[in-house]
Trainee: 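Attaching a single structure in C-alpha cells format; questions to follow.
Index from 1, following the sequence.
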Amino acid sequence: MDFELRRAREKLEKEQKERKERAKARQERERKAREEAMRQREAIEAAQRSRRLDALEAEQKIEQQMSESLLAGKGISFYRVLEAVPYQGVGDKIKLPPSCFTELSDQGAFDKGPLYFRLSAVQQGVSSSVSDGEDNLGITHSGVLEFTADEGAVGLPPEVWNNLFRVDSAATPLVEVRYVWLPKGTYAKLQPDGMGFSDLPNHKAILETSLRQHATLSQNDVLMVSYGELSYKLRVLELKPSSSVSVLETDVEVDIVSPDSASGRVDEHALIPLKLGASESGVVDEGHYIYYKFSIEDDVFERIASEEAVVEVKIEVEETTGGDTDLYVSKHPLIFPTQHQHEWSSHDVGSKSLILSFKHKGLGSGTFSIGVYGFRGTTKFHLSVQVHDNKKPQGQQVAASSSNMEIDTMECKNCKRQIPSRTIALHEAYCSRHNVICEHAGCGIVLRVEDALKHVHCEKCGQALQKVEMEKHMKVFHEPLHCPCGAVLEKQLMVEHQASICPLRLIPCRFCGDMVQAGDSAADIRDRLRGLSEHESVCGSRTAPCDSCGRSVMLKDMDIHHIAVHPKS
C-alpha cells in the first residue's frame, strides 16, 4: 500500500515539474517573440525614418539645384541629361533636340541674348558636377548651333567632345546640359601645346578668326586653331573676369605664353632660327621635313637688288650616312615649303647649293623659310645661308676686247667654236680625240669623252643630267603628286596648281589679315567681279564704323563708301 502511494506521489511530482518546465519554456518563447517583434518594429520605423530623410534630402537637393540653376541662368531653369553624339563641325556650338527649343522659348531665354550651356560628363551614373571644387576635366561650356538633334541626344563637335571626354569613355556617354549665364570675357592667357604656333605670320589674327567660331571659353579647355592643313592646340590657362566667359561681341585681350619646354615635345612644323653666315647641323629621316628660317634685312637686299651680292643656301650632306635630301625655300607668308608648295628648290644628289639673286621673282627683304626634306634614308647635314659679293672678275672687259681684235678665225668642225686660223689644225686634231658633242636635239654641249658616258637626257622633259641623277629626277619631277583637293599632277604643274588655282591654297585675306584657304568663287556675283574669294566674301560682310562719319559699313564696301560719301577726305 505504501509502495503504491509513493509511486503515485512521485508521478504527481514529476507531472507538476514537467508542467512547470513547459510553462517556463512557453514564457521564454513568448518573451523572445515579443523582443523580435519589437526589433522588427524598430527596424521598420528606422527604415521609414531613413526614407523620409532621404526623400527630404532629395527634395532639398532638387530645390537647391533649381535655385542654383535659376541663379546661374538669371531666372531661367533648364537641365537635361542627354546622350552624347559626335558630329563633324568647328568651334564649340552644340546641337540640341527641338523640345529644348520649346522649353527655353517658353521661359523667354531667347530674349536674354545668346544661349550658353554648362556641359558635364556623366560617368557610371554619377554626375561629375559633384566635384566642382576640384580640377574637373569633364566640364566645359558651349553655345548652341541649332535645335535639330534627335530627342534624348546632344550633338557635340570634336573640340567639345575632346574637352569633355579626354580618356576612353563608355560607348554611349551621357552629358548634363544646364543653361547658364556667362559674363563677357576681357582677358585670356593661352599656351600652345608645342613649338611652331608663334612662327605663324600674324598668329593673333589667326587666333581671332578661330575665336569667331566660338561662343565661350573655359579654363583648362584645349582650343583648336587651324592654319591650312595644320592644327595647333592651345590650352586656356587663365580667364577674366570668370573661369568661364563669353567671347561673343566683346574685345578680349589675349596673352600667348611660351610652350612648356619641360614637356620635351618637338613639333615637325616649327622653325629653327638660322643666322646668315652661320651653319646648323641636323638629321632628317626619309619622308620628313625639318624647317629653318632666316631674314634678309633691307640693307642686304639693297646690295642684292643692285647686283652687288647674291644669297647662297647651301646644304652639305655627310656621305657616310648614305642618305639624300631635297631643299625647298619660300618667303613668308608661305612658312612651311613642301614639294607641293615652294618658290625655289634644289634636287641635286648629295650636297647642293641654291643661289638666289635679283633675277629671282619674289626675292626681297623679309623672312624666309627653308625646308630640308629627307628624300632617302636618314641623312646628317650641315645647312648655311651666306651672302656673297657678286662683283665681275677683274680683266673680264679686257679679255672681251682682246677677243674682238682677233679677226682671222675658223670654226672647229668638231666643237663649232671659233679658233685662230694658225692653230686650227692642231686644235681639230686634239678636239676630235678628246671631245664629243651631245647629239640630243637642242643640247649640243661639248663634253670630254669620259664625261659623255655619264651624260644623259630625260626622255620625258629632255633635261640634261648625270646618270646617277636620273633615278631621283624621275621620282621628283615625273611621279604624280596628289593634291588634297583631288588633283593629280607632276611636280612642276602641281607647284603652279597650288600657287594659282587650288581651292585649298592659302591666301592672305584682305579684311582680317589671316592666311585662309582660297576656296571656291564667291557666291555673290558682285564679289566675284571684285575678285573676292569665298572667305573674303563672308569676312568682308562684317561691319566696322567709318573713321570719318561713324556709320557702320561692311568692310568690303568701305572703299566705295569713302569714294561716294567722303570724296574730299
Trainee: Apply salt bridge (Lys or Arg N to Asp or Glu O under 4.0 Å) to residues Lys14 and Glu10 and explain how you reach the verdict.
Mentor: CA-CA 6 Å; Lys14 183 177 179 182; Glu10 291 177 352; over 6 Å; no
Trainee: Do Arg52 and Arg49 have side chains that get closer than 4.5 Å, going by heavy atoms?
Mentor: yes
Trainee: Going from OG on Ser120 to CG on Leu174, what distance comes out if it is rounded to the nearest 0.5 angstrom?
Mentor: 12.0 Å
Trainee: Checking Thr338 side chain against Gln341 main chain: does a donor-acceptor pair fall under 3.5 Å?
Mentor: yes
Trainee: Assess the side chains of Ser537 and Asp527: does a donor N or O sit below 3.5 Å from an acceptor N or O?
Mentor: yes
Trainee: Taking the side chain as everything from C-beta on, heavy atoms only, tell me whether Phe165 gets closer than 4.5 Å to Val175.
Mentor: yes
Trainee: Looking only at heavy atoms, which two atoms of His342 and Pro337 are closest? And how far apart?
Mentor: CB-CB, 4.0 Å
Trainee: Mind listing the closest non-hydrogen atom pair of Ala153 and Val85 along with its distance?
Mentor: CB-CG2, 3.9 Å
Trainee: Decide if atom CD of Gln88 counts as having more than 12 heavy atoms of other residues, nucleotides or ligands within a radius under 6.0 Å.
Mentor: no
Trainee: Please name the pair of heavy atoms, one in Ala149 and one in Pro98, separated by the smallest distance, quoted to 0.1 Å.
Mentor: O-CD, 3.4 Å
Trainee: Taking side chain as C-beta onward, heavy atoms only, is Phe511 less than 4.5 Å from Leu532?
Mentor: yes
Trainee: Between Thr379 and Phe381, what is the shortest heavy-atom contact and its length?
Mentor: O-CD2, 3.8 Å
Trainee: Check whether any side-chain N or O of Arg542 sits under 3.5 Å from a backbone N or O of Cys539 as a donor-acceptor pair, and report yes or no.
Mentor: yes
Trainee: Hey, is the main chain of Asn220 close enough, under 3.5 Å, to the side chain of Arg235 for a donor-acceptor pair?
Mentor: yes
Trainee: Quick check on the 6.0 Å ring-centre criterion: do Phe294 and Tyr292 meet it?
Mentor: no
Trainee: To the nearest 0.5 Å, how far apart are CG in Asp255 and CD in Glu238?
Mentor: 9.0 Å
Trainee: Show the numbers, then the answer: is there a ring pair (Phe, Tyr, Trp, His ring centres under 6.0 Å) between Tyr179 and Phe78?
Mentor: CA-CA 5 Å; Tyr179 175 89; Phe78 175 84; 7.5 Å; no
Trainee: Any donor-acceptor pair under 3.5 Å linking the side chain of Ser210 with the backbone of Met224?
Mentor: yes
Trainee: Can you find a side-chain donor-acceptor pair between Tyr79 and Glu176 that sits under 3.5 Å?
Mentor: yes
Trainee: Between His340 and Leu481, does a side chain to side chain contact (heavy atoms under 4.5 Å, CB included) hold up when you go through it step by step?
Mentor: CA-CA 8 Å; His340 286 177; Leu481 300 176; 3.6 Å; yes
Trainee: Could you tell me if Ser218 and His141 have a donor-acceptor pair between their side chains, going purely by distance under 3.5 Å?
Mentor: yes
Trainee: Kindly indicate whether the side chain of Lys112, heavy atoms from C-beta on, has any atom under 4.5 Å from the side chain of Trp181.
Mentor: no
Trainee: Could you please spell out the steps behind the salt bridge (Lys or Arg N to Asp or Glu O under 4.0 Å) verdict for Lys17 and Glu13?
Mentor: CA-CA 6 Å; Lys17 183 178 180 181; Glu13 290 176 351; over 6 Å; no
Trainee: Looking at Lys184, I want to see if its NZ is surrounded by more than 12 non-hydrogen atoms of other residues, nucleotides or ligands under 6.0 Å.
Mentor: yes
Trainee: Kindly say whether Arg376 contributes a backbone atom to a donor-acceptor pair with the side chain of Glu286 at under 3.5 angstrom?
Mentor: no
Trainee: Donor-acceptor pair, Asn163 side chain versus Val222 backbone, under 3.5 Å?
Mentor: yes
Trainee: Yes or no on side chain to side chain contact (heavy atoms under 4.5 Å, CB included) for Leu207 and Tyr232, after CA distance, side-chain angles and deciding distance?
Mentor: CA-CA 10 Å; Leu207 179 59; Tyr232 298 88; over 6 Å; no
Trainee: So, do Ser246 and Pro114 sit near enough that their side-chain heavy atoms are less than 4.5 Å apart?
Mentor: no
Trainee: With a 4.5 Å heavy-atom cut-off, do Leu182 and Val245 have their side chains touching?
Mentor: no
Trainee: Say you draw a straight line from NZ of Lys32 to CD of Glu36; how long is it, rounded to the nearest 0.5 Å?
Mentor: 11.0 Å
Trainee: Can you tell me if Gln48 has over 12 outside heavy atoms packed within less than 6.0 Å of its CD?
Mentor: yes
Trainee: Which distance, rounded to the nearest 0.5 Å, do you find between the OG1 of Thr250 and the CG of Leu211?
Mentor: 11.0 Å
Trainee: Identify the two heavy atoms, one from Ser242 and one from Pro183, that lie closest to each other, and give their separation to 0.1 Å.
Mentor: CB-CG, 3.8 Å
Trainee: Looking at side-chain heavy atoms only, is the closest gap between Met38 and Arg34 below 4.5 Å?
Mentor: no
Trainee: Rounded to the nearest 0.5 Å, what's the gap from CZ on Phe147 to OG on Ser105? Could you check?
Mentor: 9.0 Å
Trainee: Does atom NZ (Lys491) have a neighbourhood of more than 12 heavy atoms from anything else shown, all under 6.0 Å?
Mentor: yes
Trainee: Step by step, work out the salt bridge (Lys or Arg N to Asp or Glu O under 4.0 Å) result for Glu146 and Lys95.
Mentor: CA-CA 5 Å; Glu146 55 191 32; Lys95 296 181 180 180; 3.5 Å; yes
Trainee: For the pair Ser295 (side chain) and Thr367 (backbone), establish whether a donor and an acceptor sit closer than 3.5 Å, ignoring hydrogens and angles.
Mentor: no
Trainee: As an exercise, state the distance from CG of Leu115 to CD1 of Ile76, rounded to the nearest 0.5 Å.
Mentor: 8.0 Å
Trainee: May I have the step-by-step check of salt bridge (Lys or Arg N to Asp or Glu O under 4.0 Å) for Lys556 and Glu536, ending in yes or no?
Mentor: CA-CA 8 Å; Lys556 60 186 178 183; Glu536 290 174 328; over 6 Å; no
Trainee: Do the side chain of Glu83 and the main chain of Val154 share a donor and acceptor less than 3.5 angstrom apart?
Mentor: no
Trainee: Kindly determine whether Leu12 and Arg9 satisfy side chain to side chain contact (heavy atoms under 4.5 Å, CB included), including the steps that lead there.
Mentor: CA-CA 5 Å; Leu12 179 61; Arg9 185 171 60 251; 5.7 Å; no
Trainee: Using the rule given for side chain to side chain contact (heavy atoms under 4.5 Å, CB included), can you reason through Ile94 versus Leu156, listing the C-alpha separation, both sets of side-chain angles and the distance that settles it, and then say yes or no?
Mentor: CA-CA 5 Å; Ile94 62 175; Leu156 304 181; 3.7 Å; yes
Trainee: Who pairs with Thr216 by side chain to side chain donor-acceptor pair (under 3.5 Å), at least two apart in sequence or on another chain?
Mentor: Asp92
Trainee: With no hydrogens and no angle check, do the side chains of Glu151 and Ser99 hold a donor and an acceptor under 3.5 Å apart?
Mentor: yes
Trainee: Judged by atom type as modelled, is there a donor-acceptor pair below 3.5 Å linking the side chain of Thr186 to the main-chain atoms of Lys240?
Mentor: yes
Trainee: Should Leu223 and His214 count as side-chain neighbours, where that means a heavy-atom distance under 4.5 Å?
Mentor: yes
Trainee: Inspect the surroundings of CG in Asp251 and state if more than 12 heavy atoms from other residues, nucleotides or ligands are less than 6.0 Å away.
Mentor: no
Trainee: Okay, side chain of Ser369, backbone of Ser330: is any donor-acceptor separation there less than 3.5 Å?
Mentor: no
Trainee: Val488 and Pro480: which non-hydrogen atoms are nearest, and at how many Å?
Mentor: CG1-CB, 3.6 Å
Trainee: Do the ring planes of Tyr328 and Tyr289 sit parallel (below 30°), tilted (30 to 60°) or perpendicular (above 60°)?
Mentor: tilted
